[in-house]
Amino acid sequence: MKIFLDTADIESIKRANDTGLLDGITTNPSKVLESGKKFYDVIKEICQIVKGPVSAEAVAVKAEDIVKEAVIIAGIAPNVVIKVPMTHEGLKASFMLKEKGIKVNVTMVFAADQVLLALKTNPTFVSIVISRLDKIGGDVVALINDSVKIKQNYGFNGEILAASIKNRANVIDCMKAGIDIVTLPENIFFDMFNHPQTEYGLREFDVAWDNVKKAGLA
Ligand code: E4P
């Protein structure tokens with residue numbers, strides 16, 4: 001399973017990238033706002049740091065306008081992927097961008113039938129949005145499992161990207177289901193390194209090693 005970071009914060013991206021475990025980045029207008037930087041500048045800066053795909057959102061509504069916007073954004077760097085909305089116009093744009101060789105991430109997907117429609121446009125990614133579904137009482141684990149099954153049943157190429165993840169349990173749900181990619185906030189990514197028993201066990205070995213030295217056995 002690939003791991004992306006869902007942020008436009010350059011320092012977060014550098015920290016995660018330094019681990020060697022980061023496969024890509026997703027952003028959205030809220031993340032750009034949080035970064036305090038101009039949209040094109042921050043996407044360019046991210047693309048200079050991260051080799052993998054960097055999703056940047058087109059905000060136009062009509063397919064033709066989404067495509068115009070996407071062509072400009074995709075010009076920033078070869079690893080840019082354009083986020084289009086899970087709407088009639090967004091999926092029309094997805095087909096049009098595919099023709100132009102521009103990579104697409106269909107976003108704001110909350111239901112299995114939306115996953116099917118999005119995958120039929122042959123995008124690079126389809127983003128299912130986990131915590132926002134959870135907030136309204138939706139069945140997150142069912143959506144995760146169904147998305148993987150739909151992709152497998154019909155042999156679609158698009159990768160299923162689980163977005164808006166706010167806890168480790170959902171990351172594990174995604175791994176078990178065979179989700180292609182999770183995009184995470186920095187805190188969840190770094191939390192994945194930790195377990196209380198890891199810390200406890202390592203402390204115990206530190207003490208034991210001191211005693212090894214004291215006993216002249218080192
Ligand atoms: C992921 O690609 C999007 O940025 C994400 O769905 C939005 O996440 P949020 O629910 O944390 O805003």
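In this chain, residues are counted from 1 in sequence order. Order of appearance sets the numbers: ligands from 1, and atoms from 1 within every ligand. Only a predicted model underlies this, so the values are computations on that prediction, with no experimental measurement involved.
Under the side-chain contact (heavy atoms from CB on, under 4.5 Å) rule, I46 has a single partner from D41, I13, T7, which is I13.
Close to ligand 1: K166, with a non-hydrogen atom less than 4.0 angstrom away. By the 4.0 Å heavy-atom criterion, V129 is counted among the residues contacting ligand 1.
Rounded to the nearest 0.5 Å, atoms NZ (K31) and CD (E34) are 5.5 Å apart.
Distance from atom 5 (C) of ligand 1 to its nearest protein heavy atom, with residue and atom name: D6 OD2, 3.6 Å. Of the protein's heavy atoms, N28 ND2, 3.4 Å lies nearest to atom 7 (C) of ligand 1. Distance from atom 6 (O) of ligand 1 to its nearest protein heavy atom, with residue and atom name: A163 CB, 3.5 Å.
The distance criterion of under 3.5 Å between nitrogen or oxygen atoms is met by S164 with respect to ligand 1.
No donor-acceptor pair closer than 3.5 Å links the side chain of K98 to the backbone N or O of P123.
Here the two rings, on Y200 and F205, have centers that are 6.0 Å apart or farther.
Contact between A58 and I73 at its shortest, heavy atoms only, is CA-CD1, 4.2 Å. The heavy-atom pair separating S94 from V84 by the smallest distance is CB-CG2, 4.3 Å. Nearest heavy atoms, T183 versus L5: OG1-C, 3.3 Å.
Near K31, with a cut-off below 4.0 Å to any heavy atom, the atoms of ligand 1 are 11 (O). Set against the non-hydrogen atoms of R132, the atoms of ligand 1 under 4.0 Å away are 9 (P), 10 (O), 12 (O). Listed by atom number, the atoms of ligand 1 under 4.0 Å from K83 heavy atoms are 1 (C), 2 (O), 3 (C), 4 (O).
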